[in-house]
Amino acid sequence: QVQLVESGGGSVQAGGSLRLSCSVSRRTYSRYYMGWFRQAPGKEREGVAAIASTDSTSYADSVKGRFTISQDNAKNTLYLQMSSLKPEDTALYYCACAPTAAWALRFPSLRMSDYPYWGQGTQVTVSS
């Protein structure tokens with residue numbers, strides 16, 4: 001079973017930056033998606049960014065140009081670099097993992113239902 005542990009959350013003022021990390025273990029398949037999702041109080045969980053094992057990426061429109069997803073396979077770590085943060089970015093951020101087929105690698109999914117493995121989340125709070 002894949003294990004995911006997020007870190008790097010915290011409190012920051014609007015306009016600031018944070019980098020989230022997700023340590024990945026027991027991922028045995030070579031074709032996969034890794035994604036970042038977030039859930040604000042009273043709202044549904046939403047996809048923020050995703051990356052495939054081929055390094056192709058997807059982003060939600062709300063974070064394009066501000067967030068960057070990346071991975072270091074040597075360190076088994078997923079990252080989310082967040083810049084120009086806004087109060088509306090405040091949420092609990094989750095890392096997720098999904099095995100996938102070769103034909104689907106070009107467009108990593110941002111749908112929660114495609115991801116069977118999840119971390120516990122790390123809180124990001126952006127103050128105005």
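Starting from 1, each residue takes its place in the sequence as its number.
Taken from OG1 in Thr54 to OH in Tyr33, the straight-line distance is 9.0 Å, to the nearest 0.5 Å. Rounded to the nearest 0.5 angstrom, Cys22 SG and Asn76 CG are separated by 10.5 Å. Note that OG1 of Thr100 is 10.5 Å distant from OH of Tyr29, once rounded to the nearest 0.5 Å. Summarising the geometry, atom OG belonging to Ser25 is positioned 4.5 Å from atom CD belonging to Gln3; distances are rounded to the nearest 0.5 Å. Of the inter-residue distances, the one linking Leu80 atom CG with Met34 atom CE reads 11.5 Å to the nearest 0.5 angstrom. Between the CZ atom in Arg38 and the OH atom in Tyr94 there is a gap of 13.5 Å [rounded to 0.5 Å].
In terms of heavy atoms, Arg27 sits closest to Val2 at CA-CG2, 4.0 Å. When all heavy atoms of Ser128 and Ala14 are compared, the pair lying nearest together is CA-CB, 4.3 Å. Across all their heavy atoms, Pro108 and Ala50 have their closest contact at CB-CB, 3.7 Å. Scanning all heavy atoms of the two residues, the minimum distance from Leu85 to Met82 falls at CD2-CB, 3.8 Å. Shown here for Tyr117 and Leu4, the closest heavy-atom pair between the two residues is O-CD1, 3.5 Å. In plain terms, the two heavy atoms of Met112 and Arg45 that are nearest each other are SD-CB, 3.3 Å.
Side-chain atoms of Ser58 and Ser109, non-hydrogen and from C-beta on, never get closer than 4.5 Å to each other. Side-chain contact between Leu105 and Arg31 is present, with heavy atoms from C-beta onward closer than 4.5 Å. Residues Ser21 and Cys95 fail the side-chain proximity criterion, which asks for heavy atoms closer than 4.5 Å.
Remark: side-chain polar atoms of Gln71 are paired, donor with acceptor, to backbone N or O of Ala52 under 3.5 angstrom. In this structure, the side chain of Thr125 does not engage the main chain of Thr90 through any donor-acceptor pair within 3.5 Å. Side-chain atoms of Glu6 come within 3.5 Å of backbone atoms of Gln120 as a donor-acceptor pair (strictly under, hydrogens ignored).
Ring to ring, Phe37 and Trp118 are close: their centroids are under 6.0 angstrom apart.
Under a hydrophobic clustering in which Ile, Leu, Val, Met, Phe, Trp and Tyr are joined whenever their side-chain heavy atoms come within less than 4.5 Å, directly or via other members, Leu110 and Leu20 fall into different clusters. The cluster map of Ile, Leu, Val, Met, Phe, Trp and Tyr, joined by side-chain heavy atoms under 4.5 Å apart, puts Tyr115 and Leu92 in the same cluster. A chain of hydrophobic side-chain contacts below 4.5 Å, direct or via other Ile, Leu, Val, Met, Phe, Trp or Tyr residues, connects Val48 to Val12.
Between Asp89 and Lys86 there is no salt bridge, since no side-chain N of the basic residue sits under 4.0 Å from a carboxylate O of the acidic one.
For Tyr59, there are no ring-ring contact (aromatic ring centres under 6.0 Å, His included) partners two or more places apart in sequence or in a different chain.
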- Task: Kindly determine whether Arg19 and Tyr79 satisfy side chain to side chain contact (heavy atoms under 4.5 Å, CB included), including the steps that lead there.
- Result: CA-CA 7 Å; Arg19 188 177 79 159; Tyr79 301 101; 3.6 Å; yes
